[in-house]
Amino acid sequence: MEIRTETHGAKQGTPAPTPATDSIVLTLVGSGGDGVALLGDLLLRMAAKQGLYGMMVQSYGPQIRGGESAAIVRLAREEIQYEGDATDLLLCFRLSDLARFRGAVRLHDRALTVLESADSGDLPDWLGSSEREPFRFPFAAFENGQEVPGEPKNMLALGLLCRALGWSRDLAAEGLEQRFGNRPALLAKDLAAFYRGYATEGMPALPPLGGHGRPLLVESGNEAVARGAIDAGIRFFAGYPITPSSEIMETLIEELPPRGGRVVQAEDEIASLGMVVGASFGGVPAMTATSGPGLSLMTEMMGLSSMAEIPSVIVDCQRAGPATGMPSRTEQSDLFHAIYGGHGDFPRVVLGVFDVVHARDLMHRAVHVAEAFQLPVLVLSDAYIAQRRQIRDQLTPQEQAPKRRTWTEMDGPARFSLTAHHGVSPFRVPGTPGGTYLAAGIEHTQDGNPSADGTVHQDMNEKRFRKLAAIAVETRQWFRTLGREDAPRGLIAWGSQFGILREWVRLHPEYRVFLPEVLHPFPVAALEAWRRGLEWTAVVELSFQGQLRRLLAGLTDMSQVRGAARSGGLPMSLHELAHLLEEAKA
Amino acid sequence: MKPKDYRTELEPVWCARCGDFGVLKGLTQALSDLEVPPEKLGVISGIGCSSRLPGYLRAYSFNSIHGRALPIASGLKLSRPELTVVVVGGDGDGFSIGLGHIPHAIRRNVDLTYLVLDNGIYGLTKGQASPTTSVELKQSLGLAGGEERPLNPVFLVLSSGCGFVARAHAGNLPQLREVVREAIRYPGFAFVQILAACATYQPQTYADDLYGRCDPLPAEHDPTDFARACELAVADRFPLGVIYRRPPDQAPAMAGALRWGEAGIWPAPGAGDTTVQPQD
């Protein structure tokens, strides 16, 4: 996931608010080849091993390989979904690499900086100032003034940081052996550099932050979606590579076949959802994953899934902008498309993911709703969740058999029976003798025969939308609230805003927050109940148009509700949210 | 089962003398020859006159959306490998809007039988030019694309690596029946171009002219000879029969990987009614 590389509205260089939880933020900046991503990942895994929580986000330059690279790792004593506003430690292998991350990195006044000895330049003003002197270390090797390959910088840094964090040498050595045990020469070189870094005198210590000692799990949002889907019973996946969703397919290629499923890389997103619809027509729970451009291509097929009453699960890892936009950046602007996209009237369900932990749970619900009600279910994640790595509690996979209502009798009701309870008519799985029928995207009678009769169309629409009404009842509690129930100010938000808002309400107890897990059909009654007694309310979202706020305007009275929205690109920070809310009040 | 037992009660919407009637008949004959149980048969189509065909067959049929029959059929076959899956469509559905899926279905070598009922015109939308409409017809009727050359479906699929390529004519039922039967039996992606007349939007003489250009393949034709198949594909005359048949062991079909029912994830058909009722 991208880290912030600019600030919105907030003055640069001003001290950031105190973190809401005991935590340490480490910012690691280098060039491609310096291995800062590996360094961050190793630190995160070591933290998880000793029972610390945390998360990591990454940023790269526009190059496919090489270029500037940064990783922000935040470690904490409890679960977090936000990487923090100001850094406690900045490690930078080359000062010139810092420029690209202007605004992304801010020092607080006691922050530590670890710099290359050969870098004599000053830290840029926009970084904010720390009262502590930088610690300088010769990471690079030089010959005749030119940098030459030397010891692995990231391993030297790992040694320095483990020492600063007060972590044992053995913990890191174990981690490296696990990672590189099959490449002994590399391991020996890495360990030597690590030990030299660890033995360095004078490296200042960071405040102690101890974990609870029980190992935790590191997972990305995309991995969580893939694994949640498998546990929920998905056994067929077809997809097309697209940033930032590709790791869902990559994870499934590894992990679905051993569980009896199949993965196909399709020729495009139309074919992806087409194959999903075909597999599901065959009775096998199926899904695809994509991003906005892919969802656009899938839209006609989504209507078919609803019209022919064939379950499908579609994960959309939202990215910024229309057309190509900013593929690696996050946004919450596919909401309209997910809810309204497509021609004709058809029911579909839209769910929103909060974080890595929530992703698994939500995939179970998505598969359940799709299978039980025979319609498309869209799960909206975003780049910020998809590509972050988050430390979470261990889990015991809850394997579930999805429950599709199936037809097994020779004289059962019609495939699209109009009198079916809640509109859910029994599905007929190919292979069942006597159950042959015509599934169709063309309007059809309850027996599946094509029809151009307006009355049939009206009756079938009523039947199909009765399912949505039943889903609205079943999902009426699918939301989460944060903060005190009697707090006078309210924020309505969805998806990945969850992480920052959890910390916001701790710092600002005058706020309470409403976050829907199901965006369509929206739990309006719950929202109405929650907002009672509020003096002031705003909708916080990463969408230029304020899509959630506009959606709600069609469902409830929003005349007094303000918008605290902006385009995506970078996730919001706490100091930026403060600024946006001030603007919304004015 | 007799051929007529594969038919549903639905009466086709096709015009009188439409070539698609012959294809429906030949297909039911082939299915009867092969004794395919209807519940093990999936028939998938897109949109168009010929895409109405699945509705007239007793099968797990799917009349889907324009141009997308191949991905849907691929998903079905790959997840339910024990089914026989036939894809039916027209020249517009397959060679225009859906063309992008053809080489990929061929590359994957999914065990599908793809029957393209090629009448060289858009019938359902009333007479526009398709990718196989001749330049002469387009120019004589003033259709769009008069300067655009038609594409050669047989050469196209051969060049994409299709393992089974055949041509039939809707007016020659015995040959059609045999070719479709062989296509279904072929373990891999099988393509059959079926020349069919459009009684409404092609000239009266079209069917006869077309048939006049057809020759049965000579008895000595070796269907494993790829170079000869390519020569026949670009010839002026239309040879009928199995033009190319790669021995299946040279490129095995993409196998189904699902352990159907074994994982206990989903009951096999007939394993009991899994009813779920929405909570009130």
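Ion pair A:E474/A:R476 not flagged as a salt bridge, since none of the NZ, NE, NH1 or NH2 atoms sits closer than 4.0 Å to an Asp/Glu carboxylate oxygen. At a threshold of 4.0 Å, the pair A:E267-B:R108 counts as salt-bridged, since one of the basic side-chain nitrogens sits closer than that to a carboxylate oxygen. Under a 4.0 Å N-O distance rule, the pair A:R415/A:E309 does not qualify as a salt bridge. A salt bridge is defined here as a Lys NZ or Arg NE, NH1 or NH2 lying under 4.0 Å from an Asp or Glu carboxylate O, and A:R227 with A:D231 fails to meet this definition.
Taking every heavy atom of both residues into account, A:P347 and A:R464 meet most closely at CG-O, 3.5 Å.
In this structure, the portion of B:R52 lying under 4.5 Å from any heavy atom of chain A is its side chain and not its backbone. Heavy atoms of B:I44 lying under 4.5 Å from chain A belong exclusively to its side chain. For chain B, no part of A:M307 is nearby; none of its heavy atoms comes within less than 4.5 Å. Looking at A:L256, there are no atoms closer than 4.5 Å to chain B (heavy atoms on both sides), in backbone or side chain. Only the side chain of A:A308 has a heavy atom closer than 4.5 Å to any heavy atom of chain B.
The most heavy-atom pairs under 4.5 Å with chain B, out of A:S272, A:A238, A:G274, A:A439, come from A:A439. The candidate from B:A59, B:A69, B:P38, B:S74 with the greatest count of non-hydrogen atom pairs under 4.5 Å with chain A is B:A59. For the set B:G75, B:P37, B:G67, the count of heavy-atom pairs under 4.5 angstrom toward chain A peaks at B:G75. In terms of heavy-atom pairs under 4.5 angstrom with chain A, the leader among B:K40, B:R68, B:H66 is B:R68. Considering only heavy-atom pairs separated by less than 4.5 Å from chain A, the leading option among B:L83, B:I72, B:T8, B:L10 is B:I72.
Cation-pi geometry between B:R58 and B:Y6 is not satisfied (NZ or CZ under 6.0 Å from the ring centre, within 45° of the ring normal).
For A:E462, the CD atom sits in a packed shell: over 12 heavy atoms of surrounding residues, nucleotides or ligands are nearer than 6.0 Å.
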